[in-house]
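All remarks here apply to the structure that follows.
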Amino acid sequence: MVRFTAPRGTQDILPEDQPYWRYVEERLHAIAHLYGYERITPPIFEDTAIFERGVGEGTDIVEKEMYTFLDRGGKSLTLRPEFTASVVRAYIEHGMHVRPQPVKLYSIGPAFRYERPQAGRYRQHHQFNVEAIGTQDPAVDLEVMSLAWQLYDELGFRDLAFQINSTGCPRCKPGYVQALKKYYADKLSAVCEDCRRRYEQNPLRLLDCKVESCQPFIDGAPHFLDYLCDECATHFATLRGYLDALGRPYTLNHRLVRGLDYYTKTVFEVWAAGIGAQAAVCGGGRYDGLAEALGGPPTPGVGFASGIERIILTMKAQGVEVPPPPRPLALIATLGEEAKLAGIKLVTDLRAAGIPVVLAFGDRSLRSQMREASRLGVAYTLILGADEVQARQVIVRDMAAASQEPVAQGEVVAWLKAKFLSSRDGNCECAQT
Ligand code: ATP
Ligand code: MG
């Protein structure tokens, strides 16, 4: 018999990991609302052409990483490798240019890339994606960066490094690309094969090469900042002025180019200690050319995406604690058929009253049911046997105090509800929702 496993590069997020996910997702919704961003949920797959145009041919994503398939109607579809192209497609499709600008949107969900799996790099991962579409104002670039900053700060991350650069606009990009190609022209025999391909197809990506022997060449390459046109230089200087005014540290990283063709002006990444080689917890920037590339009116935009798995890896590496998972307050243990029926009624009444309780299943000894109660970590075990059914009572065992008392069946819902409310008030698990 074949043994099935989850597909390579995907993972089951097991119950024991869910407290991290739940906590992080709550923080993501909260920070997005704090900054005035509304949620948008695009479909998980799109026309392949959206990504070919939006992400750009000649990028690693389009060339090597997309999950593309023909549906039964023969149409080429692709599981989204990122959100930005989808969100901008939705902005155009729904005529959002008539809303107050910028339209500020966030999304949370899976993204798919056919990559070589390793820690922090998966074939299905999840992204928190933030976009502000409709203005060129560098204050919006600052806003999305600030949102990322505050998110990681509130998650308790230490040793964050903001890396920023500008990759100009269609006016100044050609001049820089020309300078870069000129610089690389006599080094082509020394660089890696991928770089030789990049030189022809997507020269900016030469700066992004991870191969050790290519690093000295990148170090000596011309800097984009020296080639920016006046408009791009002013935009970048204004953004830096805002960052300085807020006292936000950042590093100018001349090698930073996004893998995506539509990125213009600002690019940034946030690196966090603890993810190892996959150091970028977040990447983003401006994409003033994207809407047009997707057939819409010229519309500037800026945003970022942060990998949720990398956020959680960072939290674990940095010892950030999360609230424990919610637990049932009580387990109902029964002995005998009559008691079982009473237990089924009781669990139904308690749940109808909003109290989280579970019923022990199977025909088992009281000892085995008590073991289950301890394993679940419930505060109380409600015990029902033939005698209790007869006396219309329930034995309530306080697990921590190891004491027990009989409570009349008619009162047990109110009794437990009072305990539940006081336990909830004393426990701030739900405070941030
Ligand atoms: P990298 O250089 O690490 O490949 P990227 O430039 O491809 O990143 P983006 O396209 O900017 O990444 O994606 C935004 C964020 O999504 C990244 O900063 C990272 O946190 C996360 N991410 C991207 N690809 C993966 C993946 N395969 N597995 C897990 N997280 C990912
Ligand atoms: Mg990548």
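Whatever order the structure lists them in is the order used to number ligands and atoms, beginning at 1.
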- Message: Arg310 versus ligand 1: do any nitrogen or oxygen atoms come within less than 3.5 Å of each other?
- Response: yes

- With respect to atom 22 (N) of ligand 1, which of His125, Arg121, Glu65 exhibits the smallest heavy-atom separation? His125

- Are Glu372 and Arg364 ion-paired here, with the side-chain N under 4.0 Å from a carboxylate O? yes

- Might you point out which heavy atoms bring Phe304 and Glu131 nearest each other, and give the distance in Å? N-OE1, 4.4 Å

- Task: Would you check whether Tyr122 has a nitrogen or oxygen atom less than 3.5 angstrom from a nitrogen or oxygen atom of ligand 1?
- Result: yes

- At a non-hydrogen distance cut-off of under 4.0 Å, which region of Gln127 contacts ligand 1 (side chain, backbone, both, or neither)? side chain

- Query: Counting heavy atoms only, which of Glu82, Arg113, Glu269, Gln118 comes nearest to atom 5 (P) of ligand 1?
  - Reply: Arg113

- Query: Does ligand 1 have a heavy atom under 4.0 Å from the side chain of Cys282, from its backbone, from both, or from neither?
  - Reply: backbone

- Message: Please check whether Ser306 reaches ligand 1 - meaning an N/O of the residue sits under 3.5 Å from an N/O of the ligand, judged on distance alone.
- Response: no

- In terms of side-chain geometry, is the basic nitrogen of Glu115 or Arg123 positioned less than 4.0 Å from the acidic oxygen of its partner? no

- Message: Would you say the rings of Tyr184 and Tyr199 are close, in the sense that their centroids are separated by under 6.0 Å?
- Response: no

- Message: Below 3.5 Å, N or O to N or O, backbone or side chain included: is there any such pair between Ile61 and ligand 1?
- Response: no

- Any side-chain donor paired with an acceptor under 3.5 Å for Arg255 and Gln215? yes

- Which segment of Val281 sits under 4.0 Å of ligand 1 when only heavy atoms are counted: backbone

- For ligand 1, which atoms sit closer than 4.0 Å to a heavy atom of Gly283? 18 (O)

- Message: Can you tell me how the ring of Phe268 sits relative to the ring of Phe162, calling it parallel under 30°, perpendicular over 60° and tilted otherwise?
- Response: parallel

- Query: Salt bridge between Arg205 and Asp60, side-chain N to carboxylate O under 4.0 Å?
  - Reply: yes

